[in-house]
Amino acid sequence: MVSTLSKFVEYDKAAKRYRVAEKYRDRFPTWLTFERSDAKLPLSVAASGATTTGMFQPVHQQRFSTPFVGIYSTFADSTDLTPTSNVAVLIQDMASGRRYMNRAQHIRNIAGIAQNPFIFREPLIIPTYNQLKFEYYKITGGAVNFRHYLHGWRYFDRSGANDLKKMKDIENRVQIATPYFLSPETGTNAAPGAVVSGNATFMNSVKIGGGHFQMLGMTYVSTGTFTLEIIDVETRRTIMNGAMSAAGSIGTAKFPRLLDVPYTVPMGGQLRMTLVDTSGSSNTIYLCLFGRLIYVPLRDVEEAMKDTSYLLEDIFQL
Amino acid sequence: MLELPMPTLLETPDNNLYVGPLRSAISGAVFVPPSAQQPATASAKSGNGNGFSAPFVIESPSDAYSELLTLVGFHTSTVPSDVQNRLLVLITDISRGERKLMNYPIPVNHIFGTPQNPFYLHEWAEPLMLQPEQILMFQLINPSTAGSASYSIMAGGRKFQKKCMTNPKMTEEIKALLQRRKKVYPFFLTFDNFGIAGSNVPVVTLAAPSSPANVLFNAKRDQTLILTTIMGNSVVASGGDTGDTQENFAVDLFDDKTEQQLNNQPITFNNLAGTAQFPFVLPSPIVLEPLTAIRAQITTLLNTTSQDIMLTFGGICIDEGIEF
């Protein structure tokens, strides 16, 4: 019989009682955004301007601190309204210096709203005493007031079952893999879109550096229609067997297109993206391949990820 | 990942497709109130008196155990938007000593989704099990003066025919389900604040500009609550405000028992809550122990206009709350 039982409740046979499932007892959901003294919080991003700010691992009131495990990203833009917002963001881990993307990504490719958040398929973890740097760029239009939240959880030793090993596992995960966003390398962080003339073809090869890129899905924002083809240069393998229409095959941050099976490109490999405009007019395309960057040798990935794979259960059960 | 709320009907033990033996025992089902009770209507608020509908029910068939998995509702198209935004419902499980599935009446838009996007009890809360002929009672409360309410509901789920109790394995499973449902059931939690004088419904009214309002979401003595979703909405008195009319308000959340703040800066509406169609599914649930509370400090982001704010946590209640 198909089970419809909630995953949040378990039966304690010894006590003959129902209780909260163990892994949820010691967690608090957490909303994390940049530090601002203004209670109303908008971050002002000037027209054609850039603003840099940070998100810190939150202060904890127990004797030990706890990493922040982020699995959603949402934003709100009070001037442009969400559907037309035009801000790009570049995220960097300050402790390791690692960037979570090869260049600034359009905010509508990596953040949704509370009703349909963008879900990181690899948790975005901020270890103890760490912070992330966020650079926001206004791509087009006037100044906006801007909000960006990461949603996840922290740990709290409420049931007494928590231990430092769990904290260590999580912090180790950051050394093994982080979320990663990849887009064609063209333009600048302030103008990261690929500008394609009417009916023209744009081709760009992106080299994978710093780790192995495991692609889990795709999102896009564009000013017109286009088709897409991606080729793994090293293996000469096409990821799709023909050019595909973006509107019919790639999603948005709220409803992304997830690959049925992840596609891994080893460090040093290249992905060649071919974008062909089908609108007949000049088309600015922000394409985003999202997934994770893996920092250990390929042969050790399975072993390295074993201890922390439980972090992913919550994400894929959503 | 949503589980398929239906048993497998086709089996291939000998490489031949045929309808499985469970077909006559378990089936998908849609549960609706009797046609005479739909749509339910509630008159407009008059003076200090809210409009109430007559109670209406979903009844489990006499020959089956019913498991409710999804909730769907819709307003009749002529109902004014103010009524649609404010209409509340109180749901009572008559079979369990009139156990209520909420602490106070909850906006219908926080509980009932649409046919395309129903509120998934089995995914975000806990399914509701009804024994044969047992009923779930609903009553609408209309706190709006703009007009009458007219609202229809339905629930999706599955039925276990009584005759499947002749199968020992099925009997065991259904008994276990019934046992669990005695103690574990879906629950909706709103705050203990009755902002509009005489309205007797939970709402925070914030004039603009005003001091923040502090409200509590309380768990009772005998409840452990697992809060998994947040739904909310704001009804603004009039347009033309120069403030943040997209976000309307921001919230700070605190766990009162542990003194943990759940956010580092106020959370604005579109980053906090959804509706029953698309609730904000918490990345990890809030566990609320008996006699503890979540405190919310709500700040308006409007400059000149007042607003009425409604917030609901959805989730699960474990009766006879257990402390850790």
Side-chain angles (χ1 to χ4, degrees), chain A residues 1-6 8-9 11-12 15 17-21 24-25 27-36 39-42 55-56 58-61 69-72 74-78 81-82 113-117 145 147 149 151-154 156 158-161 314 316-318, chain B residues 1 3-8 22 26 67 69 122-123 125-127 158 170 173 177 180 183-184 224 226 228 230 244-247 250 253 255 258-260 262-275 277-287 299 301 315-316 318 320 322 324:
Chain A
M1 189 160 62
V2 176
S3 170
T4 57
L5 303 184
S6 160
F8 301 111
V9 179
Y11 186 62
D12 183 339
R17 305 180 95 167
Y18 293 95
R19 55 189 301 176
V20 182
Y24 297 113
R25 287 178 210 154
R27 288 181 185 178
F28 275 108
T30 300
W31 286 257
L32 193 63
T33 186
F34 18 86
E35 297 291 335
R36 299 277 289 173
K40 293 181 180 179
L41 192 69
M55 288 192 201
F56 297 82
V59 172
H60 199 281
Q61 291 152 6
V69 181
I71 62 170
Y72 297 162
T74 67
F75 83 106
D77 176 335
S78 60
L81 297 180
T82 304
I113 58 173
Q115 297 191 346
N116 308 109
N145 287 333
R147 299 178 172 91
Y149 290 81
H151 308 250
W153 64 81
R154 289 173 294 153
F156 187 80
R158 179 154 54 177
S159 69
D314 295 278
F316 292 109
Q317 280 181 10
L318 289 168
Chain B
M1 193 184 306
E3 286 176 342
L4 192 66
M6 280 283 292
T8 303
L22 288 179
I26 308 176
E67 188 180 37
L69 301 174
H122 63 298
E123 188 67 15
E126 178 83 7
R158 57 182 178 179
M170 290 294 299
E173 294 230 25
L177 273 177
R180 178 172 167 122
K183 301 293 182 190
V184 184
T224 294
I226 306 172
T228 60
I230 306 180
D244 189 341
T245 53
Q246 184 184 333
E247 296 297 314
L253 292 172
D255 182 290
T258 57
E259 298 178 351
Q260 289 289 305
L262 304 187
N263 52 297
N264 66 334
Q265 293 289 318
I267 315 155
T268 57
F269 173 59
N270 281 309
N271 294 289
L272 171 77
T275 62
Q277 293 178 60
F278 294 113
F280 176 65
V281 182
L282 286 161
S284 191
I286 297 173
V287 177
T299 309
L301 298 179
I316 300 161
I318 305 177
E320 296 179 2
I322 304 158
F324 296 121

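These figures come from a predicted structure and were not determined experimentally. To find a chain, count down the sequence lines: A is the first, B the second, and so on, and within it residues start at 1.
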Find the one option among A:D12, A:T74, A:V9 whose heavy-atom pairs under 4.5 Å with chain B are most numerous. A:V9
Is it the backbone or the side chain of B:L272 that comes under 4.5 Å from a heavy atom of chain A, or both, or neither? both
Which one of B:N263, B:N270, B:N271 has the most heavy-atom pairs closer than 4.5 Å to chain A? B:N271
Mind checking side chain to side chain contact (heavy atoms under 4.5 Å, CB included) for B:D244 and listing every partner two or more places apart, or none if nothing turns up? A:S78, A:R147, B:Q246, B:E247, B:L301
Which region of B:P285, side chain (C-beta onward) or backbone (N, CA, C, O), has a non-hydrogen atom less than 4.5 Å from a non-hydrogen atom of chain A, or is it both or neither? both
Check whether any side-chain heavy atom of A:I71 sits under 4.5 Å from a side-chain heavy atom of A:W153, and report yes or no. yes
Listed by chain and number, what are the ring pair (Phe, Tyr, Trp, His ring centres under 6.0 Å) partners of A:F8, not counting sequence neighbours? A:Y24
Cut-off 4.5 Å, heavy atoms of chain A, and the answer for B:I267 is both
Could you look at B:T228 and say if it's the side chain, the backbone, both or neither that has a heavy atom under 4.5 Å from chain A? side chain
Value rounded to 0.5 Å, distance of CZ in A:F75 from OG1 in A:T33: 13.0 Å
Measure up the A:W31 and A:H151 rings against each other and bin them: parallel (under 30°), tilted (30 to 60°), perpendicular (over 60°). perpendicular
